[in-house]
Student: 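Please read through the structure below; I'll follow up with questions.
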Amino acid sequence: MIGVVAGVILNLGFLLGGVQSIRFELQSGHTKCIAEDIKADSMTVGKYSVVNPNDGYPIPDSHKVTVRVTSAYGNNYHYGDRVDSGQFAFPAAEAGDYMACFWVVDHKPPLTLTIDFDWKTGVAAKDWSNVAKKGQVDVMELELKKLYDTVTSIHEEMFYLRGREEEMQELNQATNSRMAWLSFLSLFVCLSVAGLQLWHLKNFFERKKLL
């Protein structure tokens with residue numbers, strides 16, 4: 001039973017730690033950006049490579065890609081200029097959406113590149129095989145270390161989500177308050193216009209001696 005619970009918690013932890021492993025196509029002269037929502041102080045690692053269209057031969061010079069990884073505030077965390085592969089690793093200084101943008105120079109005729117991209121954050125970003133080698137720990141100790149880090153990640157995620165929920169509640173309250181004032185203002189304007197129209201009609205009829 002304990003093993004089942006531990007397995008469930010581990011699965012939750014690896015879900016909470018973002019993992020994006022994708023393969024996509026990118027046409028020359030175009031840009032493709034991939035976003036990942038990362039918490040502050042979370043570790044993130046990524047690696048990318050252009051798929052060689054000719055197995056057994058060097059990758060062509062035309063199959064190069066420019067890569068830039070930036071935070072939601074525009075800070076640059078990685079830049080690769082016309083490379084066929086690369087990797088990055090950094091702790092997120094601020095929370096928000098981080099963007100990994102890929103761009104290929106324009107070619108005539110157009111080229112289509114296939115790119116493998118692996119992006120991990122949080123618990124999933126840790127290299128547990130290296131932890132086991134460096135720490136000289138056995139399998140049980142390694143599993144306990146994973147479990148501890150996973151529980152810590154879940155705890156931090158809960159506080160992060162609670163903070164986001166409070167921000168959304170404050171935004172909803174502010175929006176509702178503004179909408180209420182706008183409704184009162186609209187009602188006041190409508191009543192004022194109606195009063196002016198009645199006053200204008202009354203004066204008009206009085207001048208025409210219809211009243």
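None of these values were measured; they are calculated from a predicted model.
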Student: For side chain to side chain contact (heavy atoms under 4.5 Å, CB included), just list the numbers for Lys32 and Ile115, CA-CA rounded to whole Å, side-chain angles, deciding distance to a tenth of an Å, and then say yes or no.
Tutor: CA-CA 11 Å; Lys32 181 177 181 61; Ile115 301 172; over 6 Å; no

Student: How long is the straight-line distance from CZ of Arg178 back to CG of Leu182, given to the nearest 0.5 Å?
Tutor: 11.5 Å

Student: Let me confirm one number: the SG-CG distance from Cys190 to Leu185, rounded to the nearest 0.5 Å.
Tutor: 9.5 Å

Student: Using the ring of each side chain (for Trp, its six-membered ring), is Phe102 parallel, tilted or perpendicular to Tyr48, with breaks at 30° and 60°?
Tutor: perpendicular

Student: Any non-hydrogen side-chain atom of Thr114 less than 4.5 Å from a side-chain atom of Arg23?
Tutor: yes

Student: Using the rule that two of Ile, Leu, Val, Met, Phe, Trp, Tyr join whenever any of their side-chain heavy atoms come within less than 4.5 Å, decide whether Ile22 and Val69 are in one cluster.
Tutor: yes

Student: Hey, what do you get for CZ (Arg82) to OG (Ser62), rounding to the nearest 0.5 Å?
Tutor: 9.0 Å

Student: Any chance you could measure Asp41, atom CG, to Ile38, atom CD1, to the nearest 0.5 Å?
Tutor: 12.0 Å

Student: Determine whether Tyr79 and Thr66 satisfy the following criterion, side chain to side chain contact (heavy atoms under 4.5 Å, CB included), listing intermediate values before the conclusion.
Tutor: CA-CA 8 Å; Tyr79 179 72; Thr66 298; 3.8 Å; yes

Student: With heavy-atom distances below 4.5 Å as the criterion, would you say the side chains of Val104 and Leu111 are in contact?
Tutor: no

Student: Can you give me the closest heavy-atom contact between Glu94 and Asn75, atom names plus distance?
Tutor: OE2-ND2, 3.1 Å

Student: Is Cys101 close to Ile34 at the side-chain level, that is, under 4.5 Å between some pair of heavy atoms?
Tutor: no

Student: Looking at Ser28, is its backbone amide N or carbonyl O close enough to the side chain of His30 to form a donor-acceptor pair, meaning the two atoms are under 3.5 Å apart?
Tutor: yes

Student: Quick one: do Phe88 and Val83 end up in the same hydrophobic cluster if we chain Ile, Leu, Val, Met, Phe, Trp and Tyr together by side-chain heavy atoms under 4.5 Å apart?
Tutor: yes

Student: Taking all atoms of both residues into account, what is the closest heavy-atom pair of Val45 and Ala89, and its distance?
Tutor: CG1-CB, 3.6 Å

Student: Is the number of heavy atoms from other residues, nucleotides or ligands within 6.0 Å of CD (Gln27) greater than 12?
Tutor: yes

Student: Looking at every heavy atom in both Ala40 and Ala93, which two are closest together, and how far apart are they?
Tutor: CB-O, 4.3 Å

Student: Counting only heavy atoms not in Lys47 (residues, nucleotides, ligands), do more than 12 fall under 6.0 Å from its NZ?
Tutor: no

Student: Test side chain to side chain contact (heavy atoms under 4.5 Å, CB included) on Asn76 and Arg68 and set out the steps.
Tutor: CA-CA 7 Å; Asn76 188 28; Arg68 186 186 297 273; 3.4 Å; yes

Student: How far apart are the closest heavy atoms of Ser71 and Tyr77, and which atoms are they?
Tutor: CB-CE1, 3.6 Å

Student: Do you reckon Val105 sits in the same ILVMFWY cluster as Leu113, going by side-chain contacts under 4.5 Å, direct or chained?
Tutor: no

Student: With the side chain counted from C-beta on, respond yes when Thr121 and Glu36 share a heavy-atom pair under 4.5 Å apart, and no when they do not.
Tutor: yes

Student: Would you say CG of Asn176 has more than 12 non-hydrogen atoms from neighbouring residues, nucleotides or ligands within 6.0 angstrom?
Tutor: yes

Student: Between Thr44 (side chain only) and Lys120 (backbone N and O only), is there a donor and an acceptor less than 3.5 Å apart?
Tutor: yes

Student: Side-chain heavy atoms under 4.5 angstrom apart, residues restricted to Ile, Leu, Val, Met, Phe, Trp, Tyr: same cluster for Ile59 and Trp103?
Tutor: no

Student: Here's a test for you: under side chain to side chain contact (heavy atoms under 4.5 Å, CB included), which of Arg162, Glu156, Met158, Arg164 qualifies with Tyr160?
Tutor: Arg164

Student: Is there a continuous path of hydrophobic side-chain contacts, each under 4.5 Å between heavy atoms, that joins Val51 to Phe117?
Tutor: no

Student: So Met179 and Thr175, do their side chains get closer than 4.5 Å, heavy atoms only?
Tutor: yes

